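Everything quoted here is computed from the prediction, not taken from an experiment. Every chain is numbered from 1, with letters handed out A, B, ... down the list of sequences.
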Amino acid sequence: MKHKEYTKIRDRYIYGFFVSVVLTGLAYWFVVSDVFGVGIATAVAILLLALLQAVVQAWYFLHLDEESKPRWKTQSFVFTFIMVLIIVVGSLWVVMNMNYNMNMGPSDMRQYMIEQNKKGF
Amino acid sequence: MKKLVWPIIIIGTAFGFLAIMWWLVAGTKPDVIYPSGQVGDHQQSLLMLTVLLSAAVVIPVFLMLGIFAWRYRDTNKKAKYKPEWQENVLLEAIWWGIPVIIITSLAIVTWFSSHSLDPHKAIVADKPPLKVQVVALQWKWLFIYPEEGIATVNSLPLEVDRPVSFEVAADAPMSAFWIPSLGSQIYAMNGMSTKLNLIPNKTGIFYGYNTNINGEGYSDMKFPVEVMPGDAFKKLSKKIASSSMTLDYNHYEEIAKPSRDEPVHQMSLSDKGLYDKILMKYMDHGGHEAPASEDNSNHEGMEH
Amino acid sequence: MDLSWLIGRLGLEHLPSEPATIGAAIGMPLMALAVVAGLTYFKKWTWLWKEWITTVDAKKIGIMYGIVSVLMLIRGIGDAIMLRMHTAAAGITGGDGLFQTDTFQQVFTAHGIIMIFFVAMGLMFALINIALPLMIGARDVAFPWLNSFSFWLFAVAMILVNFSLVLGGFSNGGWLGYPPLTSLEYSPGPGVDYWLWTLQIAGIGTLLSGINFIVTIISHRAPGMTLMKMPVFAWSVLITMVLVLLAFPILTATLSMMTLDRLFEMHFFTSEAGGNPMMYVNLIWAWGHPEVYILVLPAFGIFSEIVSVMARKALFGYKTMVAALTAIMFFSFLVWQHHFFTMGAGANVNAFFGIMTMIIAIPTGVKIFNWLFTMYRGKIKFTTPMIWFLCFVATFTIGGVTGVMMAVPAIDYQVHNTLFLVAHFHNTIIGGVVFAFLAAITYWFPKIFGFRLHEGLGKIAAYFWQIGFLLAFMPLYALGLMGAVRRLDNYDNPEWTPFFVVSGIGVLAITLGAGMLVVQIAYSVYKRKTLRDKTGDPWDGRTLEWSTPSPAPFYNFAVIPKVTRRDEWWYQKLDGVKSLKRSDYKDIVLPKNSSLGFVIAVLVGLFGFGAIWHVWWLMIVSMVAIIYFAIRRGLDDDVEYTIPAVELYRLDKEARG
Amino acid sequence: MTKSTATLMQKEHSSPAQLGFWLYIMSDLMLFAAFFATYMILRPGANDGPSSGDIFDVNFALVETLVLLASSFTCGLAYLAAKYKQKVSFTRWLAATLVLGLVFLGMEIYEFAEFILAGHGPDHSAFLSGFFSLVGLHGLHITAGIIWGVVLLGYITKRGLNKNALRRLGLFSVFWHFLDVVWIFIFTIVYLMGVVS
């Protein structure tokens, strides 16, 4: 006794799964075959794909689109995401800035180390 | 009469307290309020500015607190009582508006002062900057003067009206290098070289401290800062440069051992790159050759 | 005979050597023994187990939070006395003060942890558990069992921090010990591990309570009470719990990384091998600043209630107060870098965070003006809570000003980590948080215990707290400007000695104030007959909790009231209170008591103890037991019991007397 | 979406347990945010050991991602079957979810073991500490999810798809979907961006 709704919801899951697989494959393809070359462009592209896939999953798998009026779950999800961005981007900005100022960040340290080796220390 | 008991107690206590504070503070010259360096002067004037700006908020709050509490006490029959009066757009506009104005002006001052008093910014003066490399050790300070070729422990001789460009690092838990009468403090950390620029404008003996706890002897890390005229400084640095005790990496290892209440040492510097070697202690265990293919053409030299 | 497989690094060498700590190490077990002996003598063990250890009634959990907090307040003030007597003695005798440096450093670290985590957070949860469900017309919190489990995590963490006195000592790195000082390289001992696990366990308990109270406010409000008809205290709790929900995971993450550094020698925050201690400072303050707003926002909520009731007037600008709370919630996550302006960040970074910090001062200022104008054209009763409010406004305003001063990076370069900073945060925490919670204890005491606290003694206690605070901390502002750095255990500048002596006298005055509180409670218990609160509404209140009899019955509301407007109870009294008819009583469902909250929390404590002393088998066994009991609780379906309407009607008649 | 299923979905979406668990998920997001930030800061700190480009195998990570995505899909089907009281297909789908979860966990443990045996354990450099802790934290969550799933399977086979079972299953499926969302960002930020730069 398969309800019409049963198949409708199942089709949503299938659709959601399919879109997610495509997005993952796309990101993988960007990286493996250097579609945008090495560097920032690829990083931004795959991050956008990740964000898109997160929204797709939240929409299809977590049923956020069917929430009732005050929509507490969607509001809290968006607010937490903003806070996650503030913490991650804020921390990166602050600590990278300090590393740069002390020009002794780990990557600069590696450069500095090479240069010191040349001088035979 | 009985109703005046509490107001008298409160006002009496307030005046008693102010008298104690006046007795304590009168006659003392706090370093931060009476600095002797250009950076410290700017910071002192900023402090006074914020006191004035916040007074515009604090004084009305204290006045209203006292007046409203006294006037609208329940035993005062003359006072009007309007229990439902809970909204007033004009009043809200005032105490959102005025603080916004005050904070905006303070924010503008903050933006410019943060850039002008940025410890990384070199101070322009007629004399060339004196280079001092500061190393925070376990519970003492090591000062290296690469150009004069001398090093001192727990004492910092400086030349008056000559900017000093400090490079601050550590070989100890996170510490902080601060001379209140000259201005800003900056953290000293292992394997990280931070910049600080100050300028002493008055001669005399001042004191520097470590403001970040780094273990047992943290309170003993107080050091004298002797600011002297140019020629006296040259004579002193020549005398130290010729002293028998020399500082090389091995002697440095001796000094770096944890100790408290370390007396002042003055030595000549035999290894100019000592400061970089101290930094390298915490880098990726240098020693083996980096991969040959490493292309470092884009590498700009490390400016000291 | 290497027993380390059995007892890890436990050993007699970890017993205390300093006379003061030996005294505490003997005194504390003796007190515990006295309690055990009393319980056995009066045969109260079953009563303790049934009524308290396994209870899920929010009010009882609130009382337990309160008892633990008051005990920890006494210990915290004891630590403060040790610190100030040491610095005063170090000045007078010119020597090294009363205690060894290591003990001094452990005392101020323990003082910081105990005052913030066990007194401030403890009193906050005590008051929220007591007042919130009653205020929003709820029968209990959303997850009663989770509430009991959170309390017992809090209690286990308290036991851990006090047990460090007996064995192993505590961290000496300050209340937020920065690596590399607290990394394995410089502090290999168990002290730092005690600190880590105390914070970790208390932090998880707080996070779970945060979730609990958000859901309570969102889904357990009385019918008709929309968010904008809710009391402002409930708003402050909702916003505080959102901050807890988003900030405490960062604390959990940072402490876990530090634990991994210390247990498995990883390199998150070590200075060598690529680690970055600055990341610890950045993360711990990303939690640290929201934490201080978590402490102060309920205090704002409490004073909004007290001022409105004592002035017999509706709170001025309800919408603005809620808008100010929301603004503070958002901005509190944008300012954390002002705790390390002097670490070496560029001018842009410092300026940005400095300006953000100043912006927060605006909504805080607005709240103070709204309180003042609630007093305007009111009829003010100068009861003890109102006295605390007057002390709060006077003290907190000074703290706010020095805060705005330190928000300017250029000034902070001169006053960071000095006694000026110490005076500032004591100003905002004692002047703001402690004054509010002491006022709230007096305010809600009759609702829980059925009798009021003695007014006269309360006012004297407030008087001593205020004088003690001014004497203890105003000299520190001056000392900070004279170059005195924080956490000094000896100094050789004779000019500073009078300041430290006056500050020592101030701490003694605060101790007198705290002593007066204990005397007040004892005397009020003795005089509880005359101080009995018969009406259930001793302060002529405005919110729903005053519509229940005092002491509030375990079911809070026999019939959940309908709410039509703000300050519902005030207007019900004006229109004449309609008494409940026999037919209004319905069957009600209440949660059953459960011992699993206590059991799992004790197991978590054992896991932490095992981690501190590297007793690996204890960690594994306790983790397995935790998972087992968690699953058993998870699958337990029989968690509620019903009270039939008849029984409820009888109980309610009895309670209304 | 007809009215009946909407109310069906809506009724159990706004219960306190659902809301409380959702808020726990939000706090878990912040926990992961702290580990992500630390990983990104410490990534250059390779302490002369291998950097991200040297040791990550993107193909291996892609397979892991698809496995977890599949298990998230089957978990959705399991919850759907349970809601329509189809016990047989529910048991099949939930078992599939748990097996895929175990495969994912096995692959992850294999990768960790491979690194440790090659001498790149978490205690060798900050980058490795960051990597092991971030991916390990997700692994711990997956392990907890699998234990929860097994217990649920046992409970439902014994007591059938009653109201309590559905409530718990709803929470489990939200937890499992959330883990897949977090893994998307781990796959992107750790593996893909590790190989790119």
Side-chain angles (χ1 to χ4, degrees), chain B residues 13 17 20-21 24-25 28 30-33 43 46-47 50 54 57-58 61 64-65 68-69 72-74 80-86 91-92 95-96 99-100 103 106-107 110-111 113-115 117-118 173-174 176 180 184-187 190-191 194 207 209 211-216 219 282, chain C residues 101-102 174 178 180-181 186 271-272 277 312-314 316-317 320 342-344 347 350-351 354-355 358-359 362 365-366 368-369 372-373 375-381 390 393 397 401 404-405 408-411 413-414 417 467 470 474-475 478 481-483 485 487-490 495 498-499 502:
Chain B
T13 321
F17 167 71
I20 294 172
M21 283 305 288
L24 277 177
V25 179
T28 60
D31 292 352
V32 174
I33 303 297
Q43 286 163 334
L46 263 178
L47 194 69
T50 39
S54 7
V57 173
V58 166
V61 164
M64 279 197 276
L65 183 70
F68 290 170
Y72 296 102
R73 64 192 188 287
D74 50 9
K80 280 198 280 296
Y81 171 56
K82 291 173 70 184
E84 290 314 314
W85 184 65
Q86 55 185 300
L91 282 174
E92 297 287 352
W95 57 57
W96 277 100
V100 163
I103 294 295
L106 201 55
T110 303
W111 180 262
S113 65
S114 301
H115 285 82
L117 294 168
D118 181 3
M174 210 182 276
S184 316
Q185 66 180 284
I186 200 82
Y187 273 29
N190 298 344
T194 328
Y207 288 98
Y209 305 89
T211 61
N212 198 53
I213 181 159
N214 67 344
E216 234 178 286
S219 310
Y282 290 95
Chain C
T101 307
D102 187 48
Y178 286 179
L181 177 59
Y186 293 101
S271 22
E272 77 284 344
R312 295 198 190 82
K313 184 166 169 284
F316 192 87
T320 330
T342 61
M343 191 180 263
N350 285 352
I355 295 168
M358 292 171 195
I359 290 174
I362 301 173
V366 159
I368 292 179
F369 284 110
L372 290 175
F373 271 82
M375 286 163 62
Y376 181 73
R377 293 261 167 86
K379 248 220 260 278
I380 302 165
K381 297 180 280 193
L390 300 177
V393 175
T397 310
V401 162
V404 170
M405 268 190 223
V408 180
I411 299 174
Y413 295 154
Q414 278 286 61
N417 266 356
I467 296 177
L470 290 175
M474 291 307 135
L481 297 175
M482 295 159 74
V485 295
R487 294 168 170 153
L488 265 184
D489 59 288
N490 62 48
E495 229 181 54
F499 291 86
V502 166

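For chain B, the option among Ile362(C), Ile467(C), Val401(C) with the highest count of heavy-atom pairs below 4.5 Å is Ile362(C). With chain B as the partner, the residue from Leu390(C), Val366(C), Ile355(C) showing the most heavy-atom pairs under 4.5 Å is Val366(C). Between chain B and the residues Met474(C), Arg312(C), Gln414(C), Arg487(C), the most heavy-atom pairs under 4.5 angstrom are made by Gln414(C). Of the listed residues (Ser184(B), Pro99(B), Ser54(B), Ser113(B)), the one with the most heavy-atom contacts under 4.5 Å to chain C is Ser184(B). The candidate from Ile359(C), Val502(C), Leu372(C) with the greatest count of non-hydrogen atom pairs under 4.5 Å with chain B is Leu372(C). Of the listed residues (Thr320(C), Val393(C), Val404(C), Leu488(C)), the greatest number of heavy-atom pairs within a distance under 4.5 Å of chain B belongs to Thr320(C). The residue among Gly378(C), Pro409(C), Gly365(C), Ala478(C) with the most heavy atom pairs within less than 4.5 Å of chain B is Gly378(C).
When heavy atoms are compared at a cutoff of 4.5 Å, Phe369(C) approaches chain B by way of both its backbone and its side chain. Contact of Tyr81(B) with chain C is made through backbone and side chain together, with heavy-atom distances under 4.5 Å. Proximity to chain C (any heavy atom under 4.5 Å) is restricted, for Met21(B), to the side chain, taken from C-beta onward. Interface residue Glu495(C): only side-chain heavy atoms are found under 4.5 Å from chain B. If you measure heavy-atom distances from Glu84(B) to chain C, the contacts under 4.5 Å come from the side chain alone. Both the backbone and the side chain of Ala69(B) come within contact range of chain C, each with at least one heavy atom under 4.5 Å from a heavy atom of that chain. The contact between Leu47(B) and chain C is made by backbone and side chain atoms together, counting heavy-atom distances below 4.5 Å. Within the 4.5 angstrom heavy-atom criterion, only side-chain atoms of Ile368(C), from C-beta onward, approach chain B.
With sequence neighbours excluded, no residue forms a ring pair (Phe, Tyr, Trp, His ring centres under 6.0 Å) with Trp96(B). Evaluation of the ring pair (Phe, Tyr, Trp, His ring centres under 6.0 Å) rule for Tyr72(B) yields Tyr376(C) as partners, not counting sequence neighbours.
If you check the side chains of Ser219(B) and Asn490(C), you find no donor sitting under 3.5 Å from an acceptor.
The two residues Glu92(B) and Gly317(C) have their closest heavy-atom pair at OE2-CA, 3.7 Å. Heavy-atom minimum distance, Met375(C) versus Leu65(B): CE-O, 4.1 Å. Across Val485(C) and Tyr209(B), no two heavy atoms sit closer than the pair CG1-CB, 3.8 Å. Listed here is the closest heavy atom pair of Ile186(B) and Gly344(C): CD1-CA, 4.0 Å. Residues Ile411(C) and Gln43(B) approach most closely at CG1-O, 4.4 Å, considering heavy atoms. Nearest heavy atoms, Thr110(B) versus Met358(C): OG1-CE, 2.7 Å.
Distance OG1/Thr28(B) to CG/Leu481(C): 9.5 Å, rounded to 0.5 Å. Residue Met405(C) holds its CE atom at 10.5 Å from CG of Leu106(B), rounded to the nearest 0.5 Å. Put simply, CG on Asn212(B) and CG on Asn417(C) are 5.0 Å apart, with the number rounded to the nearest 0.5 Å. Rounded to the nearest 0.5 angstrom, Asp489(C) CG and Ile213(B) CD1 are separated by 8.5 Å. We find the CD-CG distance between Glu216(B) and Asp102(C) to be 5.5 Å, quoted to the nearest 0.5 Å. From Tyr413(C), atom OH reaches atom CG of Asp118(B) across 5.5 Å, with rounding to the nearest 0.5 Å.
Ring pair Phe316(C)/Trp95(B) is perpendicular by interplanar angle, where above 60° counts as perpendicular and below 30° as parallel.
Judged by distance alone, the side chain of Lys381(C) and the main-chain N or O of Asp74(B) form no donor-acceptor pair under 3.5 Å.
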